[in-house]
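Quick notes on the structure that follows.
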There are 2 protein chains.
Amino acid sequence: MAPAPVTRCNGTSLRRATRRVSQLYDAVLAPVGLKSTQRSILIAVSRLGSPGMGELAAALVLDRSALAHNLKPLERDGLLRVAPDATDRRSRRVTLTEAGEERLAQSKALWEQAQKRFEKAFGKHEAAVLRETLARIASPEFAEAFLR
Amino acid sequence: MAPAPVTRCNGTSLRRATRRVSQLYDAVLAPVGLKSTQRSILIAVSRLGSPGMGELAAALVLDRSALAHNLKPLERDGLLRVAPDATDRRSRRVTLTEAGEERLAQSKALWEQAQKRFEKAFGKHEAAVLRETLARIASPEFAEAFLR
DNA sequence: TCGCAATAGGGGCATATGCCCATATAGCGA
DNA sequence: TCGCTATATGGGCATATGCCCCTATTGCGA
């Protein structure tokens, strides 16, 4: 069947693991109608308050343009709202709607279930260490070090 | 500016790190006109010989349908060919063309440069350990353990 | 040999992600 | 106040990824 996924490429390793985990998490989240990508956007908006597009994109380590696209389904479904900033008319701020907060709350139990499953299969402590490591890679400092 | 990307979600951690690293690698690979995703497909085809679609998709930890889509630009650009299997007419086999092998060869130096940069910023040994860890997560066994 | 379950892929549809470039504002220095 | 530069986004275009379901073959058991 499927040969063991062997590769020396760090990027490829990451992408494969990400695809696997996204599929696993998405399957668990499916009943509430949120992909893990979408949930992570709602979470970030919730944590940041009413972030501007650029701020939100940076926090998500996501291209601004990609973010704008990703927001559309969520806005269409009434989970969040995008409105011009009151003082800086260049800027647009993203806010959760009540429906958005509710959906986020609904997804919490399922997300926790996915986390539990992941940590059962991978190890709770190891998972924490891995997240730490990945956060380091995702940081702007890492990009700088890479480019230096 | 951008808050530190903090999250307790394993999937989100992975996706963020992956986006960062893909951007970094893709920028390095750009001169040869290959994305890292595309390069990893060419590599897999090269390693597996002339794999069938399903086999290749499994090796890449990629949905069969997604693979079919991903192959189109590569086939259009003449880097690989998809032909029906001689004995099993349900099956289609993917093969590198000469142009494909050549492109892959051209990309090698740039890929190595990206690897060097990554390992300079992250640590050579740590990178090897991380790849090991990620391969474990990407494995079918991990999915089974998650679902069990 | 017939018929049906199993296998291999593709099409349609929707979301995800990025790059480049155009546009709208802000802000600041002459 | 004028005008140039910096900032905040969006649009266009292309690739990436997945799910569900349909079709073409195979292969096997009755």
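Throughout, protein chains are lettered first and strands after them, A, B, ... in sequence-line order, and every chain is numbered starting at 1.
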Can you tell which of B:Thr95, B:Leu80, B:Leu96, B:Leu56 makes a side chain to side chain contact (heavy atoms under 4.5 Å, CB included) with B:Ser50? B:Thr95
Base-contact (B) and sugar-phosphate-only (S) positions in nucleotides 23-29 of chain C, heavy-atom cut-off under 4.0 Å, - elsewhere: -BBS---
Quick one: which residue pairs count as a side-chain hydrogen bond (donor to acceptor under 3.5 Å, both in side chains) with a foot in residues 62-81 of chain B, not counting sequence neighbours? none
Can you build the contact string for nucleotides 10-20 of chain C? Use B for base contact, S for sugar-phosphate-only contact, and - for no protein heavy atom under 4.0 Å. SBBB-SSBBB-
One thing to verify: whether A:Lys108 and A:Glu112 come together as a salt bridge, which I'm taking to mean a side-chain N less than 4.0 angstrom from a carboxylate O. yes
Can you see which heavy atom on A:Thr7 is nearest to which on B:Arg131, and at what distance? O-CD, 3.7 Å
To check you understand the geometry: which heavy-atom pair defines the closest contact between A:Pro31 and A:Val28, and what is its length? CD-O, 3.2 Å
With under 30° as parallel and over 60° as perpendicular, where do the rings of B:Tyr25 and A:Phe146 fit, or are they tilted in between? tilted
Do A:Val129 and B:Phe122 belong together in a cluster built from hydrophobic side chains that touch within less than 4.5 Å? no
